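Chain identifiers are assigned alphabetically (A, B, ...) following the order of the sequence lines, protein sequences preceding nucleic acid strands; residue numbering begins at 1 within each chain. Note that this is a predicted model, so its numbers are computed, not measured.
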Protein chains: 2
Amino acid sequence: MPNNQFRRGELYSFITGVASTALARRLQKNFKQDGVDITIEQWSVLYHLWKQDGQSQQDLCNATFRDKPSITRLLDNLEKQKLVRRVASKEDRRMNLIYVTETGRRLQDPTHELANQTLNEALEGVPQADIELCKAVLQRVYDNLK
Amino acid sequence: MPNNQFRRGELYSFITGVASTALARRLQKNFKQDGVDITIEQWSVLYHLWKQDGQSQQDLCNATFRDKPSITRLLDNLEKQKLVRRVASKEDRRMNLIYVTETGRRLQDPTHELANQTLNEALEGVPQADIELCKAVLQRVYDNLK
DNA sequence: GGCATATTGTTAGTTATGCAACTAATTCGA
DNA sequence: TCGAATTAGTTGCATAACTAACAATATGCC
């Protein structure tokens with residue numbers, strides 16, 4: 001199997017880099033152009049809170065595949081911008097429950113719009129079936145490693 | 001099209017996050033366990049230099065899909081660790097040509113080994129045809145956006 | 001009840017990323 | 001040929017990632 005190692009390296013860079021950085025960069029740019037002043041990382045956290053409010057930080061770690069310090073700091077910044085609030089849980093005082101503020105809620109519709117547009121652009125010409133298969137492969141990679 | 005926005009958001013997080021962070025983290029861990037003291041980002045640069053020595057920083061930007069400041073700083077760190085050398089080009093004095101040192105060269109075989117093992121583990125149970133298709137989708141996403 | 005263990009979140013330190021603004025060298029066109 | 005535009009690389013600033021070590025709270029077992 002000649003040059004197997006090189007093909008692996010290229011595959012690695014595809015999975016970890018090419019598409020994701022291009023997509024992230026484009027979405028960030030579209031946010032900025034539209035006057036939406038959050039990072040895509042912040043958006044990826046808000047996204048899960050819009051779906052369900054009052055999650056713990058650990059819940060957000062699981063949902064966004066980040067570690068705890070990353071979530072701590074993302075929430076620090078989101079709190080600074082008054083987009084979310086940390087509320088200590090009454091049942092378990094170790095936990096913070098995270099709630100979206102009114103300001104944070106107002107970002108939901110415009111950013112969903114932008115994300116849809118950007119994803120549609122990114123996936124133009126890709127059949128739905130291929131998208132599903134690609135997603136399944138990435139899920140499998142994740143499951144194999146987690 | 002109900003909940004289209006949520007499906008897009010999940011797709012986004014798949015493309016940009018799930019598999020790539022898991023894979024990067026695992027590879028970094030395997031490097032560390034084997035006493036290979038470089039980050040995966042440094043590895044991704046060395047990988048291209050092992051294939052072809054003496055590339056310019058701009059070449060490395062194109063090969064690794066990073067911007068110029070990122071490459072500047074990755075090379076700063078790689079130079080500090082004496083894994084590469086910057087040599088000013090004689091033809092065009094704006095350019096640095098990057099060469100792998102003997103120390104850097106010695107990392108090639110063990111890291112290729114580790115990358116292969118990790119990728120094989122990550123892709124276990126995924127048919128080769130699906131891998132190719134997934135790669136093609138990601139390439140298409142990149143081409144659509146670049 | 002009390003102590004070992006696990007869980008939740010924070011802090012510190014290093015590396016990396018993106019954008020914007022900058023310097024220096026080269027190229028191109030009037 | 002000379003000045004504008006382009007290209008290669010660097011620096012400053014803000015945000016984010018991972019690891020390791022830590023504090024506080026909760027759980028479970030004797």
Chemist: Nearest whole angstrom, please: distance from the P of C:dT17 to the CZ of A:R25.
Modeler: 10 Å
Chemist: Would you find a donor on one side and an acceptor on the other, under 3.5 Å apart, between the side chain of A:Q81 and the backbone of A:D37?
Modeler: yes
Chemist: In this structure, how many angstroms lie between the P atom of C:dG9 and the CG atom of A:N62, rounded?
Modeler: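 Answer to the nearest Å: 10 Å.
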Chemist: Looking at C:dT10, I'd like to know if its phosphate oxygens (OP1 or OP2) sit under 4.0 Å from a side-chain N or O belonging to A:Q57.
Modeler: yes
Chemist: Measure CD/A:Q58 against P/C:dT8 and give the value in whole Å, please.
Modeler: 5 Å
Chemist: Output the rounded distance in Å from CZ (A:R66) to P (C:dT17).
Modeler: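 Atom-to-atom, A:R66 to C:dT17, this comes out as 16 Å.
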Chemist: Tell me if a side-chain donor or acceptor on B:N30 pairs with a main-chain N or O of B:A115 at a distance below 3.5 Å.
Modeler: no
Chemist: Measure the distance from CD on A:Q33 to P on C:dC19 and round it to the nearest whole Å.
Modeler: 12 Å
Chemist: Check DNA chain D against residues 69-87 of chain B and give the residues with a non-hydrogen atom under 4.0 Å, in numerical order.
Modeler: B:P69, B:T72, B:R73, B:R86
Chemist: For C:dA24, does OP1 or OP2 lie under 4.0 Å from any side-chain N or O of B:R94?
Modeler: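 No, because none of the side-chain N or O atoms of B:R94 sits under 4.0 Å from OP1 or OP2 of C:dA24.
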Chemist: Can A:S70 and A:D67 be counted as having a side-chain donor-acceptor contact under 3.5 angstrom?
Modeler: yes
Chemist: Counting only side-chain heavy atoms from C-beta out, which of C:dT17, C:dG18, C:dA16 sits nearest to B:D67?
Modeler: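 Among the listed nucleotides, the one closest to the side chain of B:D67 is C:dG18.
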Chemist: According to a strict under-4.0 Å criterion, is B:T39 in side-chain N/O contact with OP1 or OP2 of C:dA16?
Modeler: yes
Chemist: Where does the chain B footprint on DNA chain D start and end, counting 5' to 3' with a 4.0 Å heavy-atom cut-off?
Modeler: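 Boundary nucleotides touching chain B, in 5' to 3' order, are D:dT7 to D:dA20.
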Chemist: Run the salt bridge (charged side-chain N to carboxylate O under 4.0 Å, His left out) test against A:E91 and tell me which residues pass, sequence neighbours left out.
Modeler: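 Not a single residue meets the salt bridge (charged side-chain N to carboxylate O under 4.0 Å, His left out) criterion with A:E91.
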Chemist: So among A:N77, A:L74, A:I98, which one has a side-chain contact (heavy atoms from CB on, under 4.5 Å) with A:V84?
Modeler: A:I98
Chemist: If each of A:K29 and B:E41 is mapped to the nucleotide of DNA chain C with the nearest heavy atom, which maps nearer the 5' terminus, i.e. the 5' end?
Modeler: B:E41
Chemist: Rounded to whole angstroms, how far apart are CD on B:Q42 and P on C:dT15?
Modeler: 8 Å
Chemist: Could you tell me whether B:E124 atom CD has more than 12 heavy atoms of other residues or ligands within 6.0 Å of it?
Modeler: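 Open.
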Chemist: Look at all strands and tell whether B:Q28 reaches a base, only sugar-phosphate, or nothing, counting heavy atoms closer than 4.0 Å.
Modeler: nothing
Chemist: Counting heavy atoms not belonging to B:N62, are there more than 12 under 6.0 Å from its CG?
Modeler: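 More than 12 heavy atoms, drawn from other residues, nucleotides or ligands, come within 6.0 Å of this atom.
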Chemist: Please classify the nucleic acid contact of A:K32 as base, sugar-phosphate, or nothing, using heavy-atom distances under 4.0 Å.
Modeler: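 A:K32: backbone/sugar contact only, no base atoms under 4.0 Å.
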Chemist: Report the distance from atom CD1 of A:I98 to atom P of C:dG9, rounded to the nearest whole Å.
Modeler: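 So the two atoms are 7 Å apart, to the nearest Å.
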Chemist: Is there a donor-acceptor pair under 3.5 Å between the side chain of B:S89 and the backbone N or O of B:N96?
Modeler: no
Chemist: Side chain to side chain donor-acceptor pair (under 3.5 Å) for A:E121 and A:Q117? Distances and angles first, verdict last.
Modeler: CA-CA 6 Å; A:E121 195 180 338; A:Q117 280 174 22; over 6 Å; no
Chemist: Verify the neighbour count for atom CG of B:D34: are there more than 12 heavy atoms of other residues, nucleotides or ligands below 6.0 Å?
Modeler: yes
Chemist: What integer distance in Å separates A:R93:CZ from C:dT10:C1'?
Modeler: 17 Å
